[in-house]
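Notes to accompany the following structure.
Reminder, nothing fancy here: chain letters follow the sequence lines and each chain counts from 1.
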Number of protein chains: 2
Amino acid sequence: MKLGEGVEAAIHCAATLASVEGNSTMPGAALAESFGLSPSYLLKHLNMLTAARILESVPGPAGGYRLARAAERITLLDIVLAVEGREPAFRCGEIRRNGPVKLDASAYVKPCGINAAMLKAEAAYRAALAETKLSDIVATYAAEGDPRSLAASCAFVERHQRPQKPNPTTKV
Amino acid sequence: MKLGEGVEAAIHCAATLASVEGNSTMPGAALAESFGLSPSYLLKHLNMLTAARILESVPGPAGGYRLARAAERITLLDIVLAVEGREPAFRCGEIRRNGPVKLDASAYVKPCGINAAMLKAEAAYRAALAETKLSDIVATYAAEGDPRSLAASCAFVERHQRPQKPNPTTKV
DNA sequence: TTATCGTGGATAGATTTTATCTGCAATAGG
DNA sequence: CCTATTGCAGATAAAATCTATCCACGATAA
């Protein structure tokens, strides 16, 4: 069981974008630089977040990314599912049917108990992720993070964020 | 996020071995046949279970595998960790340090909040897995499974299990 | 018009997963 | 002792996935 590195990048980027003021945006290249990531590859993950309506993107110069809704309404589960996909980690192959004795399909109408137990555990995992909001991450960082790190992040955001024209159609 | 297919195979095999009487064993080839799996590959997973002291193996003709302890004392978590490894699914790459501004390491003594949140969710996952015992799986199967499937499984175990000499050193 | 930005597709290298085979050690039974 | 069966370790390789890069394209602010 393993999560791709994109999850870590996506959460960090989303947390950074939560610090961007108003409807300003931040270019993907700046986000990549902010965490020492490959820009081309990070865009793939940011794209996943955009497709999942977690981020909004603005093309053109002075464009970039911003949160699609308030950080209070974005959970870690939203981000993880957007990047890793919505399929459960445990996929039942129904190998119980593959024995030497072939039974009628009616013998397997009841769901596999092993699958049920695994999915139940995964539901607990997702519930825990759903409990943590992006705003919690940011708040914890602001409250407990090192002041130097905090100052550096704020300066970086300040330097790279770009104000947008008020746009009625995309306005929150 | 994905679990290997070996997990499903391992749990099914362990559940099957829970039905073996006394200290009898069942060969890996029989277990593979029981679920239509590749024998060579299944042995790899069974080996993981043996290394984790979940199964015991007996070499030689009339040898095979059996549970190393009672099914009541084996949880799904034991099996999942044995097969998939004990490392957490989310691995923090500390990308927060990789920005353009290099800070002293002392700025990062506090653990990354994102990592903490992800590991907390994973702890919930593991706790849920730890709550389910192998004996629960078997009991549910016996109580709710289709009688035909149940009968076929029992017959298969009956046919392939092999009694062992009483061995004081390995005795439970 | 130009330069900047996001999007999508093609591509390729690295890593992991899945699977097979072989030789080896252990051992029950003759 | 001999043989057949079984588990074990290692090499190997095919397949899938993850990571990473590049380029052509459309959008748009200045």
To the nearest Å, how far apart are [X] [atom1] and [N] [atom2]?
X: B:Asn47; N: C:dA19; atom1: CG; atom2: C1'; result: 16 Å
X: B:Glu5; N: D:dA15; atom1: CD; atom2: P; result: 15 Å
X: B:Tyr41; N: D:dA15; atom1: OH; atom2: C1'; result: 12 Å

ILVMFWY network linking A:Met1 to A:Met118, side-chain heavy atoms under 4.5 angstrom: yes
Hey, which sits more toward the 5' end of DNA chain C by its nearest nucleotide, A:Arg162 or A:Lys2? A:Arg162
Would you indicate what B:Ser40 reaches in the nucleic acid, counting non-hydrogen atoms under 4.0 angstrom: base, sugar-phosphate, or nothing?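 Base contact.
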Answer with base, sugar-phosphate or nothing: what part of the nucleic acid does A:Leu43 contact at a heavy-atom distance below 4.0 Å? base
Between protein and nucleotides 23-26 of chain C, what N or O pairs are separated by less than 3.5 Å?
none

Pair B:Arg96 + B:Glu94: basic N to acidic O under 4.0 Å: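 Yes, this pair counts.
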Can you give me the N/O atom pairs linking the protein to nucleotides 10-12 of chain D at distances under 3.5 Å, or say none if there are none?
unit_1	atom_1	unit_2	atom_2	d
D:dG10	O6	B:Lys44	NZ	2.9

Does the side chain of A:Ser106 come under 3.5 Å of the side chain of B:Arg148 through a donor N or O and an acceptor N or O?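 Present: a donor and an acceptor within the cut-off.
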Distance-only donor-acceptor check, side chains B:Asp78 and B:Thr75, under 3.5 Å: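 Yes, side-chain donor-acceptor contact under 3.5 Å.
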Which residue pairs satisfy the ring pair (Phe, Tyr, Trp, His ring centres under 6.0 Å) criterion with at least one member in residues 46-86 of chain A, sequence neighbours excluded? none
Among A:Gln161, A:Arg162, A:Gln164, A:His160, whose side-chain hydrogen bond (donor to acceptor under 3.5 Å, both in side chains) with A:Thr25 holds?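 Single pass found, and it is A:Gln164.
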